[in-house]
Protein chains: 2
Amino acid sequence: MSDDGRVIDRTDVERAADRIAGRVRRTPVLEVEDRRFGWPTFLKLELLQHTGSFKPRGIFNRMLAASVPEVGVIAASGGNAGLAVAHAARELGHRAEIFVPESSPRLKVERLRTLGAEVTVTGAFYAEALDASAERAAETGALVVHAYDQPEVVAGQGTLACELAEQIPGLDTVLVAAGGGGLVAGIAAALEGRRCGVVAVEPVDVAVGGVAADSLGARRVGRICFAVATRTGIRSTLVPDEAIVSAQRMLWAEFRVVAEPGGAAALAALLCGAYKPHPDERVGVVVCGANTDPATVTGLSGSAK
Amino acid sequence: MSDDGRVIDRTDVERAADRIAGRVRRTPVLEVEDRRFGWPTFLKLELLQHTGSFKPRGIFNRMLAASVPEVGVIAASGGNAGLAVAHAARELGHRAEIFVPESSPRLKVERLRTLGAEVTVTGAFYAEALDASAERAAETGALVVHAYDQPEVVAGQGTLACELAEQIPGLDTVLVAAGGGGLVAGIAAALEGRRCGVVAVEPVDVAVGGVAADSLGARRVGRICFAVATRTGIRSTLVPDEAIVSAQRMLWAEFRVVAEPGGAAALAALLCGAYKPHPDERVGVVVCGANTDPATVTGLSGSAK
């Protein structure tokens, strides 16, 4: 349910795809041809997207669907959503004000400023930064861009699944990290009515602080995600932190892909057996983000040097 | 010219493609849709290949085209070719003996051993390790796999261009790092007679020791490359080391791709203007290897953390 009481469907995703065309990259798919994982597996390399995550899809859609006032846009996020808001605002010529919690790494804050955003550091946790941004938005009238729980944001994230369905004929299942649920809900809406299941993968440690918290750190799934999940019957599965770290290492060792914990969570579900496909099930795995220090993923055995 | 006096052509590349099918990955292409570089640019992400470089294409072809004796295969390389030889031998169930110079990083040697190869460290430079491996091969009768200057190796590397021509309709030009010339010669042979030019990109500092020396460290282009280049009219261009480092940083900052210097050299030619396409020229850029310490490519501005 959104502020206007509307839950998105496939039409919203298709409209989003038209709206953001040319603004986001059609990210490629790597077929893991050798049954390395036991099933025909396809890695959707969404980490090659602008700003290193899927977030610009939904955020461009939010800004392009709205009438952005002179004062610009406002958002709360010290992570991938913040980067995407700053990037999209710059591309579209809008001012961007971003609220981040004190826990945000200094370098992420600097990166936001490099992208031209005005950054306010406040509150210990995301929820506090979000509240502060809402107060500020009420004062200024800036367009509020939510990191995941707005219909246009969710619809934009769903465009990833439109690409995926075109790129992988006969796709049976999409595995995707849950986080705040914007991506998984968008994907489920995009694929509703097709014969393709969606599995949301969540780290076992749901308290903010596990390895995936940096990117999957939302403390609860958004309302829109909940509504779409209920309607479409998204399945979900849990993965322990260790499995996520293993998946990160394997992505580097086997594919030279640097994935953040949230970006590797979907693959982790396959590797640790949390999700077991049927034989010949064609599985799309969304590798949705790369915003981490590469040194954390290479380990010793993964590095060739 | 090869030992049997034969220079390869497109038929050899097509045969290689059949031979190695299922052994190597069809690596994806990322379209840089937004004219970020001024021209329609396509990144061939060959760094996602097994062992992190294009090398397995040619090396699988060499092993599969030959009758490998019980004693196995032998090669000299402390770099990407060595990794590919060890990987291919393990996949095909052959013994592998690999000679590396003393300058090889310890971790690369360990990685070869992890892949099951028997490693001999000898000689200060590659040429000495190569001589030692040739002496040893004469004693044992092992199948010699050259890093770049054998017809089957060159033909196998050329299979990358068969994929590229399918993946990019209307491709005008391929930019590719030169190194020992195996890849560039294979690509030129594959594309001979089509309306697609090949540009070999070489670091300015040709002495072993520049930033790209680790992967492009061959001190001269192989005989086969020279012969194919003469016949097909490969163009070439030089790029300074600084441009290669910039290209590495940009690949991380814009695409979250970790490229080794040799892997970034082709893009460097576009970025520094060493190669200037015509307007609307459709340019394929081969990002051919990732075997580097990621810490070296992220810089400060590139990292999001």
Side-chain angles (χ1 to χ4, degrees), chain A residues 21-36 43-53 79-80 82-83 91 104-108 110-112 114 167 214 252-260 263 287 289-298 300-305, chain B residues 21-34 36 42-53 79-80 82-83 91 104-108 110-112 114 167 214 252-260 263 287 289-298 300-305:
Chain A
R23 298 289 180 184
V24 299
R25 296 186 180 127
R26 184 185 170 92
T27 53
V29 165
L30 177 68
E31 180 173 359
V32 184
E33 73 304 316
D34 46 9
R35 293 200 161 230
R36 178 74 180 74
L43 303 179
K44 174 69 166 167
L45 300 174
E46 184 65 11
L47 77 173
L48 300 166
Q49 190 53 264
H50 293 287
T51 70
S53 89
N80 289 340
L83 281 174
E91 290 292 307
S104 296
R106 193 190 174 78
L107 265 163
K108 283 204 173 175
E110 278 169 29
R111 180 95 177 115
L112 291 173
T114 305
Q167 290 169 316
D214 188 44
W252 173 253
E254 295 281 324
F255 304 101
R256 301 295 187 271
V257 163
V258 174
E260 63 192 50
V287 186
N291 290 323
T292 189
D293 179 349
T296 62
V297 306
T298 53
L300 224 172
S301 64
S303 172
K305 197 149 187 178
Chain B
R23 297 291 181 182
V24 299
R25 295 186 180 128
R26 182 185 171 91
T27 53
V29 165
L30 177 67
E31 179 173 0
V32 184
E33 73 304 317
D34 47 8
R36 178 75 181 71
F42 302 83
L43 302 180
K44 174 69 166 166
L45 300 174
E46 185 65 11
L47 78 172
L48 299 167
Q49 191 53 264
H50 292 288
T51 70
S53 87
N80 289 340
L83 281 175
E91 291 291 309
S104 295
R106 192 189 175 78
L107 265 163
K108 283 204 175 177
E110 279 169 27
R111 180 95 177 113
L112 291 174
T114 304
Q167 291 169 314
D214 189 45
W252 174 253
E254 296 280 325
F255 305 101
R256 300 296 187 271
V257 162
V258 173
E260 63 192 48
V287 185
N291 290 323
T292 190
D293 179 349
T296 62
V297 307
T298 53
L300 224 172
S301 64
S303 174
K305 198 151 187 174

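Predicted model only: the values in this text are computed from it and were never measured. Reckoned from all heavy atoms, side chains included, excluding hydrogens, waters and symmetry mates.
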Q. Will you find, in the side chains of A:T27 and A:Q49, an N or O donor that is under 3.5 Å from an N or O acceptor?
A. no
Q: Over all heavy atoms of both residues, which pair between A:R25 and A:L48 is shortest? Give the atoms and the distance, please.
A: NH1-O, 2.8 Å
**Q.** Side-chain heavy-atom pair B:L30, B:F255 within 4.5 angstrom cut-off
**A.** yes
Q: Heavy-atom distances under 4.5 Å only: say whether A:L43 touches chain B with side chain, backbone, both or neither.
A: neither
Q. Chain A heavy atoms under 4.5 Å from B:L112: which part of the residue, side chain, backbone, both or neither?
A. neither
(Q) Does any part of the side chain of A:P28, heavy atoms only, come nearer than 4.5 Å to the side chain of B:V29, both counted from C-beta? (A) no
(Q) Taking side chain as everything from C-beta outward and backbone as N, CA, C, O, which of these in A:V258 sits under 4.5 Å from a heavy atom of chain B? Side chain, backbone, both or neither. (A) side chain
